[in-house]
S.K.: 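Provided herewith is a single structure, encoded as structure tokens, for subsequent inquiry.
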Amino acid sequence: MCGIVGYVGSKSAVEILLDGLEQLEYRGYDSSGIALKCNDSINVYKAVGKLKNLREVLSNHTQEVNGANIGIGHIRWATHGAPTVVNAHPHTCNCGNLVVVHNGIIENYKELKEKLEALGCEFRSQTDTETVAHLVAQKYAQTKDLTKAVQLATKEIEGAYALAIMHNDEPDKLVITKRNAPLVVGIGEKEYYAASDIPAFIKHTNKAVYLSDNQVATITKDSLVIEDENGNNVPLKIEQLPWESVALSKMGYKHFMLKEIHEQPDVIRNILSGKLHTSLAPVELAEVMLTKESLKELNRIQIIACGTSLHAAMIGKYIIEDFCSIPVDVEASSEYIYRKTVTDDKTLVIGVSQSGETADTLTAIKQAKSRGSHILIITNRPDSAMAREADSLLSVNAGIEVSVAATKSYIAQLISFYLLAVYMAEIKGSKDANYLTKFKSDMLLLPQKIEEILAHKEVIQNCARKYSGTRDFIYIARGINYPTALEGALKLKEISYINATGYPAGELKHGPIAMLDDTMPVLSVLMKGNVYEKILSNSEEARARNARMIALTNSTDEKLNDLFDFIIKVPDVNELLSPIISIVPLQLIAYYIAEFLGKDVDQPRNLAKSVTVE
Ligand code: F6R
């Protein structure tokens, strides 16, 4: 999604802003722009496509831009209007004195535009953002004070926004504000940064202040003043940031996605440490703020999430129902928010989100919270908007995930669900204690098993090479691995653009089987356990239609050699833990196919890392 950066200080702003934007590239974008205070005016430079195009534009203006030490920058993910230079940010008022960059959606932009046009403003772009430039300029004409103008303008704006604004008449000042979109200020030595996310400035400083909704920050190189929407001063709450800049380097891997797949064993060790020391001790989840009594009284759980997090939630449902005998509903956040949902104070609502900023999930969470349910958030970003809504916050600590395709955060979400299910089962006494002890010791072995898969990844690479020419791909599975099939298919389609679909294997014969012929690869997630024989039969049905059969299995059964053209073997594991093992080869297949096809693995087209619009 869009990303904002701002800089005020004594250094040359242009490289700081460009570098900051590059660090935000993972959010996804299709155009970019920068505004710099150069000599007598604020100059705007924009380009469509990757940031290298903006760099090229700027290379023709080095003399005028190099001296600037205040500026704002933006990467845009198009929502209103195509990705063109005109629609790229920064946007300006008619005289060009005021510039603005924006992340989010101005919901009442049409009404605002009509009013502003009636006042003589001329619109050049199709964006919702341009209304902000004209609106703040109108308020500035009345107040001659940029901070006050922003405070007045935002009172008339509906929707979500993070804004950074400069005015040529107050050339040393940057004014920023937000509502339902992330914005953070980095504090350096006589310099400040503003950004949608901390990677934009973490190499310069790890001191920061997170802006709350409706607060307005006025920043010069010597001061940072934060006020609420009515102009009352807000004390600065300075935080030390947890992320290391080294987390943003590829560490020798060709892509962030490959690096993040390889980090998964350590991610699991990291979450387990402090929560599950030995199989003999109960799981410790001090983060769950429900009392033991209210936990025992829960009559229902709802889990809301989107995309990959939704697939983790589906596995969460499976395991919680099995261990705790509490009914669990899982729903895509975007569906949850537009119907009457039934919750009460005995319902636990769990929101799952890597970024903690996904607009649909955030809205759904707020809706559930207003009905009195306890809100538990599972997120990789304890500093996110969702985390701030949480009654209980389970931080998955996967470290920053740069690649748009979620991998290590998914594994971390799954482990969090396993911990939660065991924790609740131990309190409720709803699962045999010996079974849980064995389960916990199996959990502790998971990192080694993933390392085994990664050590033999050439087999998976060969599989990817063999099938990289296909236009379609079907994944089948049953039971707790059905979401694995969905997630494997999602990974492949989002980074290779191949039409991949996951099906519950038993559903194949109810329609999808019509698509099968000798051109169609069908990958069966065939893990030993409850539904093994069933998936085998479903695979036979597909083979009988000449499909190109691939097995992902922990079975050593010889007869698989007759049924499948390609077999990927994974280590043996308890069936309920098998989604942790089975997803890793599917992530790698998606990665290698996309890589063979020469796709932009870390930044697939049309996608954003943090989807902050509904
Ligand atoms: C897929 C992917 C997306 C996200 C989805 C939700 O690889 O990354 O499907 O999972 O946009 O994002 P979060 O988890 O940040 O709420």
Side-chain angles (χ1 to χ4, degrees), residues 1-3 24 26-28 77 180-182 196-197 255-258 260-261 264 303-316 330-337 350-366 375-387 389-390 394-414 416-417 483-498 500 502 583-584 586-591 594 599-614:
M1 207 95 316
C2 307
L24 296 182
Y26 72 87
R27 296 169 71 86
W77 187 77
N180 289 333
S196 308
D197 201 355
H255 295 100
F256 279 107
M257 182 176 176
L258 193 59
E260 286 158 5
I261 291 172
Q264 295 182 119
I303 316 182
I304 27 193
C306 306
T308 290
S309 298
L310 182 65
H311 300 151
M314 291 168 79
I315 291 172
V330 174
E331 195 163 355
S333 317
S334 50
E335 291 300 315
Y336 186 92
I337 47 187
I350 304 179
V352 192
S353 173
Q354 187 286 128
S355 62
E357 300 288 350
T358 301
D360 289 325
T361 309
L362 187 57
T363 309
I365 288 299
K366 286 182 178 167
I375 304 292
L376 187 151
I377 298 293
I378 297 179
T379 183
N380 196 27
R381 300 301 299 260
D383 51 347
S384 61
M386 253 178 253
E389 296 293 327
L394 250 181
S395 178
V396 304
N397 291 333
I400 198 156
E401 190 174 64
V402 176
S403 179
V404 164
T407 53
K408 63 176 179 170
S409 63
Y410 175 72
I411 287 272
Q413 290 166 348
L414 292 186
S416 304
F417 271 119
T484 307
L486 296 178
E487 177 59 10
L490 178 65
K491 286 288 90 82
L492 184 61
K493 67 186 142 201
E494 69 184 329
I495 60 170
S496 72
Y497 321 141
I498 289 171
I583 193 58
V584 178
L586 301 190
Q587 294 168 339
L588 285 167
I589 286 180
Y591 171 78
K599 303 294 183 203
D600 190 350
V601 173
D602 285 331
Q603 289 163 36
R605 70 183 183 202
N606 305 340
L607 288 178
K609 185 71 183 159
S610 177
V611 185
T612 51
V613 293
E614 270 187 33

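Every value quoted in this text rests on a predicted model; they were computed, and no experiment measured them. Atoms within a ligand are numbered from 1 in the order they appear, just like the ligands themselves.
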S.K.: Can you confirm whether Lys491 sits close enough to His311 that some side-chain heavy atom of one is under 4.5 Å from a side-chain heavy atom of the other?
M.R.: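 The answer is no, as the side chains (C-beta and beyond) never meet within the 4.5 Å cut-off.
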S.K.: Any idea which heavy atoms bring Lys408 and Ala398 closest together, and the distance?
M.R.: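 So the two residues come closest at NZ-O, 2.9 Å.
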S.K.: Show me which atoms of ligand 1 lie under 4.0 Å from any heavy atom of Ser309.
M.R.: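 Contacts of ligand 1 toward Ser309, numbered from 1: 10 (O), 13 (P), 14 (O).
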S.K.: Glu494 heavy atoms, cut-off 4.0 Å: which ligand 1 atoms fall inside?
M.R.: 1 (C), 2 (C), 7 (O)
S.K.: Donor-acceptor check, side chain of Ser333 to backbone of Ala305, threshold 3.5 angstrom: yes or no?
M.R.: yes
S.K.: Give a yes or no answer on whether the side chain of Glu389 reaches the backbone of Met386 with a donor-acceptor pair at less than 3.5 Å.
M.R.: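 The answer is no, because no donor-acceptor pair under 3.5 Å joins these two groups.
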S.K.: I need the nearest protein heavy-atom contact for atom 15 (O) of ligand 1: residue, atom name and distance, please.
M.R.: Ser355 OG, 2.7 Å
S.K.: Working to the nearest 0.5 Å, report the span between CD1 of Ile495 and CE of Met257.
M.R.: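 Atom-to-atom, Ile495:CD1 and Met257:CE are 3.5 Å apart.
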S.K.: Please classify the Lys491 to ligand 1 contact at 4.0 Å (heavy-atom distances, strictly less than): side chain, backbone, both or neither.
M.R.: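 It is the side chain that gets close, since no backbone atom is under 4.0 Å.
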S.K.: Looking at Asp602 and Phe256, would you say the former's side chain and the latter's main chain have a donor-acceptor pair under 3.5 Å?
M.R.: yes
S.K.: What is the nearest protein non-hydrogen atom to atom 6 (C) of ligand 1, stated with its residue, atom name and distance?
M.R.: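 Checked against all protein heavy atoms, atom 6 (C) of ligand 1 sits closest to Cys306 O, 3.4 Å.
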S.K.: Need the ligand 1 atom indices (1-based, order shown) with element for anything under 4.0 Å from a heavy-atom of Ala406.
M.R.: 7 (O), 8 (O)
S.K.: Which protein heavy atom lies closest to atom 13 (P) of ligand 1, and at what distance to 0.1 Å?
M.R.: Thr358 OG1, 3.2 Å
S.K.: Who's the nearest protein heavy-atom neighbour of atom 11 (O) of ligand 1, and how far?
M.R.: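 It is Val611 CG2, 4.0 Å.
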S.K.: Can you sort out which atoms of ligand 1 are near Ser353, meaning under 4.0 Å from one of its heavy atoms?
M.R.: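 That gives atoms 13 (P), 14 (O), 15 (O), 16 (O) of ligand 1.
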S.K.: Is it the case that the side chains of Thr407 and Gln587 hold a donor-acceptor pair, with the cut-off being a distance below 3.5 Å and no angle test?
M.R.: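 The criterion, which ignores hydrogens and geometry beyond distance, is not satisfied for Thr407 and Gln587.
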S.K.: Is ligand 1 less than 4.0 angstrom away from at least one heavy atom of Val404?
M.R.: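 Val404 counts as a contact of ligand 1 under the 4.0 Å cut-off.
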S.K.: Could you list the atoms of ligand 1 found under 4.0 angstrom from a heavy atom of Ala405?
M.R.: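 Within the 4.0 Å cut-off of Ala405, ligand 1 contributes 7 (O).
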S.K.: Can you check which of Ala332, Ser384, Gly307 brings a heavy atom nearest to atom 9 (O) of ligand 1?
M.R.: Gly307
S.K.: Does Gln413, backbone or side chain, put an N or O under 3.5 Å from an N or O of ligand 1?
M.R.: no
S.K.: Are side-chain N/O atoms of Asn397 and Ser395 paired as donor and acceptor at under 3.5 Å?
M.R.: yes
S.K.: Could you tell me the residue and atom name of the protein heavy atom closest to atom 3 (C) of ligand 1, and the distance to it rounded to 0.1 Å?
M.R.: Thr308 N, 4.1 Å
S.K.: So, do Glu487 and Leu490 sit near enough that their side-chain heavy atoms are less than 4.5 Å apart?
M.R.: yes
